[in-house]
Trainee: 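For reference, the structure I am asking about is given below.
The chains referred to below are lettered A, B, ... by the order of the sequence lines, with proteins before strands, and numbering in each begins at 1. In what follows, every heavy atom counts, from backbone to side chain, and hydrogens, waters and symmetry copies are set aside.
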There are 2 protein chains.
Amino acid sequence: MSPGLFDTLLLVTHLLRQDLARTFDGTPLTEARVAVLWVLQTVGPSTQQQVAAALEVTPRNVSALVDALEASGHVRRTPHPTDRRAVRLELTPAAGELMARMQVEHAEVEAALRDSVAPGDREAFERGLDAVAERLQELVAAAYPDAEAGS
Amino acid sequence: MSPGLFDTLLLVTHLLRQDLARTFDGTPLTEARVAVLWVLQTVGPSTQQQVAAALEVTPRNVSALVDALEASGHVRRTPHPTDRRAVRLELTPAAGELMARMQVEHAEVEAALRDSVAPGDREAFERGLDAVAERLQELVAAAYPDAEAGS
DNA sequence: TATTGTTATACTCTATAACTATA
DNA sequence: TATAGTTATAGAGTATAACAATA
């Protein structure tokens, strides 16, 4: 009661984002750029349109992010095999390894967070968290009737 | 288990931030500017240095935010009573009312989120959330040994 | 000498609008 | 005509460095 549900959630927010923007291998990757790499790692080679849709961001924005990621050697633009308007984005081998390690590390963090909850509280905790997420989604949808529902 | 604790937390993060950046009274306030107003509302009139420290942001950044908030009529710069180098920031009456309503609305959101958790799960949920926040703080502190501990 | 806030400069993320090349 | 990506332009947040006025 005392620290406030809101405050705790915001603290978690803050810490999670800090963790997500982590620097790997001395390469200072920003959160937005890691988000692009994450899409490519999880769904495989994609067009910029697909990345833009996945991140809910304008295609123009993806162009800029990919420019930077290409310059830093994380992403390659190759010709799309069937559509000559489109670009095929793929991770470089080094970036692929980086993301693989990042996936492992995130799994470890997730496990550590689960372990931090007392065993007897875990099920109730997860049910509660899901309920809060769902309710928040409803509240946001009510506040922004025009916006789409995708996360 | 299936959606992933991480993903759910990130969804909540996303939704909370969306809610926090809400537009009030047709005034499009950004998250960063609301953060400044929030400090002034909760700790009262402050210097820019104090706001910068509270937000963990450079004083230069606060100058820019206050410039914008002054132009939009939310904040006033008045002479500091004892230190002529410093500026005393205070909310305008309209912004004060705005922030008061915002506090009420946040309390309502907090109550709605609490209500969304099944009564039998509430205590375990809150214990679990606190534990996760604490563990996350440890993990971040370990990853960034140099950074300060403030939220 | 140290502190408060500013000007100067730069980088990043994001958006809209207009344009080119291709479907 | 519609779509993929680009150039052009703009606003917002953030940072460092140098500087003025004041302590």
Trainee: On DNA chain C, compare the nucleotides closest to B:Ala86 and A:Thr82; which residue's is nearer the 5' end?
Mentor: B:Ala86
Trainee: State, with a plain yes or no, whether a side-chain heavy atom of B:Gln41 is found less than 4.5 Å away from one of B:Gln103.
Mentor: yes
Trainee: Taking only the side-chain nitrogens and oxygens of A:Ser63, find out if one of them lies under 4.0 Å from OP1 or OP2 of D:dT6.
Mentor: yes
Trainee: Output the residues of residues 39-50 of chain A in contact with DNA chain C, where contact means a heavy atom of the residue under 4.0 Å from an atom of the strand; sort by number or write none.
Mentor: none
Trainee: State, with a plain yes or no, whether a side-chain heavy atom of B:Leu69 is found less than 4.5 Å away from one of B:Leu29.
Mentor: yes
Trainee: Is the backbone of A:Leu65 close enough, under 3.5 Å, to the side chain of A:Arg33 for a donor and an acceptor to pair up by distance?
Mentor: no
Trainee: Can you tell me the distance, in whole Å, between the CD atom of A:Glu31 and the P atom of D:dG13?
Mentor: 16 Å
Trainee: Using OP1 and OP2 only, check whether a side-chain N or O of B:Arg33 sits under 4.0 Å from D:dG13.
Mentor: yes
Trainee: Using salt bridge (Lys or Arg N to Asp or Glu O under 4.0 Å), reason through B:Glu110 and B:Arg114 one step at a time and then give a plain yes or no.
Mentor: CA-CA 6 Å; B:Glu110 173 137 0; B:Arg114 270 183 209 288; 2.9 Å; yes
Trainee: If I take atom CG in residue A:Leu29 and atom C1' in nucleotide C:dT12, what distance separates them, rounded to the nearest angstrom?
Mentor: 13 Å
Trainee: Have a look at B:Val62 and say if it touches a base, only the backbone sugar-phosphate, or nothing, with a 4.0 Å heavy-atom cut-off.
Mentor: nothing
Trainee: For A:Leu89 and D:dG5, what is the distance between atoms CG and C1' respectively, to the nearest whole Å?
Mentor: 11 Å
Trainee: With side chains defined as the heavy atoms from C-beta onward, is the minimum distance between A:Val75 and A:Leu37 less than 4.5 Å?
Mentor: yes
Trainee: Flag the pair A:Arg77 and A:Asp67 as a salt bridge only when some basic side-chain nitrogen lies within less than 4.0 angstrom of an acidic carboxylate oxygen.
Mentor: yes
Trainee: Could you list the protein-to-nucleotides 16-22 of chain D atom pairs, N/O on both sides, closer than 3.5 Å?
Mentor:
none

Trainee: Would you mind reporting whether A:Gln48 and A:Pro59 have side-chain heavy atoms less than 4.5 Å apart?
Mentor: no
Trainee: Of all the base pairs, Watson-Crick or G-U under 3.5 Å, which form stems of three or more consecutive pairs involving DNA chain D?
Mentor: C:1-3 with D:21-23, C:5-23 with D:1-19
Trainee: Atom CG of A:Asp121 and atom CD of A:Glu126: how far apart are they, to the nearest 0.5 Å?
Mentor: 11.5 Å
Trainee: Taking 4.0 Å as the cut-off, does a side-chain nitrogen or oxygen of A:Arg88 come that near to OP1 or OP2 on D:dG5?
Mentor: no
Trainee: Between C:dT12 atom C1' and A:Leu69 atom CG, what is the distance in whole Å?
Mentor: 12 Å
Trainee: Checking A:Arg88 against A:Glu90 for the salt bridge (Lys or Arg N to Asp or Glu O under 4.0 Å) test, could you report, in this order, the C-alpha distance in whole Å, the side-chain angles of both residues, the deciding distance, and whether it holds?
Mentor: CA-CA 7 Å; A:Arg88 204 181 90 114; A:Glu90 60 182 9; 2.5 Å; yes
Trainee: Are any side-chain N or O atoms of A:Thr92 and backbone N or O atoms of A:Gly73, one a donor and one an acceptor, separated by less than 3.5 Å?
Mentor: yes
Trainee: Rounded to the nearest angstrom, tell me the gap between atom CG in A:Asp67 and atom C1' in C:dT14.
Mentor: 15 Å
Trainee: Specify the separation, in whole Å, of atom CG of B:Leu55 and atom P of D:dG13.
Mentor: 12 Å
Trainee: Using side-chain heavy atoms (C-beta onward) and a distance below 4.5 Å, is B:Leu89 in contact with B:Val66?
Mentor: yes
